[in-house]
A.B. asks: 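Dumping the structure here so I can ask a few things about it.
The analysis underlying the following values was restricted to heavy atoms, covering all of them including side chains, and did not include hydrogens, waters or symmetry mates. All values derive from a computational prediction rather than experimental measurement.
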Amino acid sequence: MYRNDRLSRVFALIVICLNILVIIVPFAIEALRSVGISHYDLPARLNISRDGSLPEMFNYGQAALCALFLFGIWLRTREHMFLAWSLIFSFVTLDDATRFHERGGLLLAATFDLVSLPGMRARDTGEIITWSAVALGLLAPLLWSFWQSRPRQQASDRCFCCCSRVLWVLPWWLTCCTS
């Protein structure tokens, strides 16, 4: 079912190296500046936390590619787990492009006069609620696909779930700790 070809490995290595570069370069610039070795400020286009930055655009591309690749795997295998994950990454891409959770967070904060969670603004709380509501909706096809899968696919789905949790929770946690 899974091909282990050279082109796929090279592509994966390039994406991994680009991810490391996108993370390390801004971190190194900020670290050197904070200890006084450099007076060079991080350009806005490289700032991971800024909307419209190059790292953010790179992330959009990765999410879209994940959605397309997973959909392509589903077309070949008809394993519903891949379709469910493709839906999740499609929504992540759509959310990034339309700023859905940011707009939903602002709307919830203004409509319901939300309280701020520690270290956050009221609209951040609204964003978390918005994403949680969407996640509950996306959880249904994911669980259904998990129960429809064979044990071998369930094992890979568990691994994919754990990796996704780390990739989605870590940036949120880092944002909370640094703001």
A.B. asks: Starting at CD of Glu102, measure out to CG of Leu106 and round the result to the nearest 0.5 Å.
C.D. replies: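 With rounding to 0.5 Å, CD (Glu102) is 8.5 Å from CG (Leu106).
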A.B. asks: Could you tell me which non-hydrogen atom of Ala44 sits nearest to which non-hydrogen atom of Ser53, and how far apart they are?
C.D. replies: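 Looks like O-CB, 3.9 Å.
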A.B. asks: I'd like to know if the side chain of Asp95 and the backbone of His101 have a donor-acceptor N/O pair within less than 3.5 Å.
C.D. replies: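 Side chain of Asp95 to backbone of His101: a pair is present.
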A.B. asks: Could you measure the distance from the CZ atom of Arg33 to the CD atom of Glu30? Nearest 0.5 Å is fine.
C.D. replies: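 Reported to 0.5 Å precision, the distance equals 4.5 Å.
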A.B. asks: Is there a donor-acceptor contact under 3.5 Å from the side chain of Arg45 to the main chain of Gly52?
C.D. replies: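 Judged by distance alone, yes, a pair lies under 3.5 Å.
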A.B. asks: To the nearest 0.5 Å, how far apart are CZ in Arg123 and CG in Leu108?
C.D. replies: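 Between atom CZ of Arg123 and atom CG of Leu108 there are 13.0 Å.
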A.B. asks: For Glu56 and Asp51, what are the C-alpha separation, side-chain angles and deciding distance, and is it a side-chain contact (heavy atoms from CB on, under 4.5 Å)?
C.D. replies: CA-CA 7 Å; Glu56 184 181 41; Asp51 288 335; 3.5 Å; yes
A.B. asks: Is there a path of hydrophobic side-chain contacts, each under 4.5 Å between heavy atoms of I, L, V, M, F, W or Y residues, that connects Val15 with Leu7?
C.D. replies: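 They do not share one cluster, since no chain of ILVMFWY contacts under 4.5 Å joins Val15 to Leu7.
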A.B. asks: For atom CG of Asp113, decide whether the heavy atoms of other residues, nucleotides or ligands shown that lie under 6.0 angstrom number more than 12.
C.D. replies: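 Atom CG in Asp113 is not packed in, count stays at 12 or less.
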A.B. asks: Taking atom OG1 of Thr93 and atom CG of Leu65, what is their separation to the nearest 0.5 Å?
C.D. replies: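 It comes to 9.0 Å.
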A.B. asks: Any side-chain heavy atom of Leu138 within less than 4.5 Å of one from Leu142?
C.D. replies: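 No; the side chains remain at least 4.5 Å from each other.
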A.B. asks: In terms of relative ring orientation, are Trp131 and Phe91 parallel, tilted or perpendicular, with 30° and 60° separating the classes?
C.D. replies: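 Geometry flag for Phe91 against Trp131: perpendicular rings.
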A.B. asks: Quick one: does Asp124's side chain have a donor or acceptor within less than 3.5 Å of a partner on Arg121's backbone?
C.D. replies: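 Looks like yes, one N/O pair under 3.5 Å.
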A.B. asks: So do the side chains of Trp74 and His80 get within less than 4.5 Å of each other, counting heavy atoms only?
C.D. replies: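 Trp74 vs His80: side chains touch.
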A.B. asks: Looking at Ser90 and Ala67, would you say the former's side chain and the latter's main chain have a donor-acceptor pair under 3.5 Å?
C.D. replies: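 No; zero donor-acceptor contacts below 3.5 Å.
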A.B. asks: Scan Phe11, Trp85, Phe82 and name whichever one has a ring pair (Phe, Tyr, Trp, His ring centres under 6.0 Å) with Phe69.
C.D. replies: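 Considering Phe11, Trp85, Phe82, a ring pair (Phe, Tyr, Trp, His ring centres under 6.0 Å) with Phe69 is found only for Phe11.
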A.B. asks: Quick check on the hydrophobic clustering: are Val115 and Ile128 connected, directly or via other members, by side-chain heavy-atom contacts under 4.5 Å?
C.D. replies: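 Different clusters.
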A.B. asks: Mind checking whether Leu54 and Tyr60 sit in one hydrophobic cluster, side chains of I, L, V, M, F, W, Y counted as touching below 4.5 Å?
C.D. replies: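 Different clusters.
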A.B. asks: Are Tyr40 and Ile29 close enough that some pair of their side-chain heavy atoms sits under 4.5 Å apart?
C.D. replies: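 Yes; the side chains approach each other to less than 4.5 Å.
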A.B. asks: Are Leu42 and Leu21 connected into the same hydrophobic cluster when the rule is that any two of I, L, V, M, F, W, Y join if their side-chain heavy atoms are below 4.5 Å apart?
C.D. replies: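 Yes; Leu42 is reachable from Leu21 via cluster members.
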A.B. asks: Pair Phe100, Thr130 - check side-chain contact (heavy atoms from CB on, under 4.5 Å), show working.
C.D. replies: CA-CA 9 Å; Phe100 174 77; Thr130 302; 3.6 Å; yes
A.B. asks: As an exercise, state the distance from CD1 of Ile73 to CE of Met81, rounded to the nearest 0.5 Å.
C.D. replies: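 Taking CD1 in Ile73 and CE in Met81, the distance rounds to 8.5 Å.
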A.B. asks: I want to check something: taking the side chain as every heavy atom from C-beta on, are Ile88 and Leu70 in contact at a cut-off of under 4.5 Å?
C.D. replies: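 When only atoms from C-beta onward are counted, Leu70 and Ile88 do not touch, as no gap falls below 4.5 Å.
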A.B. asks: Could you walk me through whether Asn19 and Gln62 pass the side-chain contact (heavy atoms from CB on, under 4.5 Å) test, one step at a time?
C.D. replies: CA-CA 10 Å; Asn19 272 288; Gln62 285 185 112; 2.5 Å; yes
A.B. asks: Linking I/L/V/M/F/W/Y whenever any side-chain heavy atoms sit under 4.5 Å apart, do Val134 and Leu87 land together?
C.D. replies: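 Unlinked, Val134 and Leu87 end up in two clusters.
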A.B. asks: Looking only at heavy atoms, what is the nearest atom pair of Phe89 and Ala63, with distance?
C.D. replies: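 Phe89 and Ala63 have their closest heavy atoms at CB-O, 3.7 Å.
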